[in-house]
Amino acid sequence: MNTNGAAYTARPMRQVVSWLVLSCAACSAVPAAVPQGFRPSEVTELAALPPGYVAGEVVRVGCSTLSGARAFTDESLGAVDCSFARLSRVLRARAGEMSAQVIVDKRCRSRPGERVRLECSATLARPGQHVSLAASWAARDVGPAPSAEQVRDLDEPRPQDQEQIRVDFWPAASAPRAKHFAPRDYAAVDETGLPSVGRQELGQVSASCEDCDQSALRHALRVTAGHVGAGEVASVRCFQETDGLRCVATALAPWSS
């Protein structure tokens, strides 16, 4: 009686152990999670390859400057925001998109012409076989407050999409022609529901894109307004067109130049 009972309990125990072994084998067959990309602020620029890293692909970006506050239509957002600092951010965005967290050997140059052409390139640094995840650049300490670059990650659309966003500026007939307003960073351009009393209208700004959301176009309006020296965009309206989304707004002069 006791022998039968022992045999009876041993069979289900063996079945449970076999099931656990199979389950563990199945779990070990699942590949480890691979990073799906990094934000620009998470990508580091270094002069040379860090220990354990190998050189990967070379990434190249460029833009042609658009100077002055004259009227313009169908320009890329990259043209109204063309600088080496901006191209460096685009490089980091492209690298992060390709799951690389370090770029090295960044080189930038300008080409003269009717429009000055700015170009930058960098090499992606890929971790070698002996670089552990714990030692990767993803494990860097995060400060108690977000950095300026981290704020831009949240505030800006994808930098690598600048060429897809097209912008326009039409000066107002009443705009002050004799007075020139210096270009401003978009962070110095306010967005308001109604024009502020006392600010003179500079003109209308427009931004359109086939595959962008409204937040990206509203950001593009501030960048474009800042390019012509405006301190405010007001009365923003967004609507769907046959080839994508468009947003328009009124650009107003800053309180002081």
Under a 4.0 Å N-O cut-off, is there an ion pair linking [X] with [Y]?
| X | Y | result |
| --- | --- | --- |
| Glu119 | Arg107 | no |
| Arg184 | Asp81 | no |
| Arg89 | Glu149 | yes |

Any donor-acceptor pair under 3.5 Å linking the side-chain atoms of [Y] with those of [X]?
| X | Y | answer |
| --- | --- | --- |
| Thr44 | Gln101 | no |
| Asp153 | Ser41 | yes |
| Glu232 | Thr192 | yes |
| Asp213 | Ser215 | yes |
| Lys106 | Ser88 | yes |

For [X] versus [Y], what's the shortest heavy-atom pair and its separation?
| X | Y | value |
| --- | --- | --- |
| Ser206 | Arg246 | OG-NH1, 2.6 Å |
| Ala251 | Ala225 | CB-CB, 4.3 Å |
| Val90 | Pro159 | CG2-O, 3.8 Å |

**Request:** Decide side chain to side chain donor-acceptor pair (under 3.5 Å) for Ser208 and Glu241; before the verdict, give the C-alpha distance in whole Å, the side-chain angles of both, and the deciding distance to 0.1 Å.
**Result:** CA-CA 9 Å; Ser208 62; Glu241 297 183 321; 5.4 Å; no

Side-chain heavy atoms under 4.5 angstrom apart, residues restricted to Ile, Leu, Val, Met, Phe, Trp, Tyr: same cluster for [X] and [Y]?
| X | Y | value |
| --- | --- | --- |
| Val61 | Phe84 | yes |
| Leu252 | Val228 | no |
| Met98 | Ile103 | yes |

**Message:** My understanding is that only residues two or more places apart in sequence, or in another chain, count here; which of them pass salt bridge (Lys or Arg N to Asp or Glu O under 4.0 Å) with Glu75?
**Reply:** Arg115

**Request:** Could you go through the salt bridge (Lys or Arg N to Asp or Glu O under 4.0 Å) check for Arg126 and Glu57 one step at a time?
**Result:** CA-CA 9 Å; Arg126 300 290 190 183; Glu57 306 92 321; 3.3 Å; yes

**Prompt:** Could you give the distance from CG (Leu118) to OG (Ser83), rounded to the nearest 0.5 Å?
**Reply:** 7.5 Å

**OG on Ser64 to CZ on Arg111, rounded to 0.5 Å** = 10.5 Å

**Request:** Scan Arg222, Glu156, His219 and name whichever one has a side chain to side chain donor-acceptor pair (under 3.5 Å) with Tyr186.
**Result:** Glu156

**Item:** Donor-acceptor under 3.5 Å (Ser196 side chain, Arg199 main chain)
**Value:** no

**Prompt:** Quick one: does Glu97's side chain have a donor or acceptor within less than 3.5 Å of a partner on Arg94's backbone?
**Reply:** no

**Item:** Among Asp74, Asp243, Asp161, the one residue meeting salt bridge (Lys or Arg N to Asp or Glu O under 4.0 Å) with Arg166
**Value:** Asp74

**Request:** Please say which of Val59, Leu124, Val43 ends up in a side chain to side chain contact (heavy atoms under 4.5 Å, CB included) with Leu91.
**Result:** Val59

**Request:** Report the C-alpha distance between Glu42 and Arg92 in whole Å, list the side-chain angles of each, state the deciding distance to 0.1 Å, and finish with yes or no for salt bridge (Lys or Arg N to Asp or Glu O under 4.0 Å).
**Result:** CA-CA 8 Å; Glu42 297 173 325; Arg92 296 196 301 273; over 6 Å; no

**Prompt:** What orientation do Phe72 and Phe169 show, parallel under 30°, tilted 30 to 60°, or perpendicular over 60°?
**Reply:** tilted

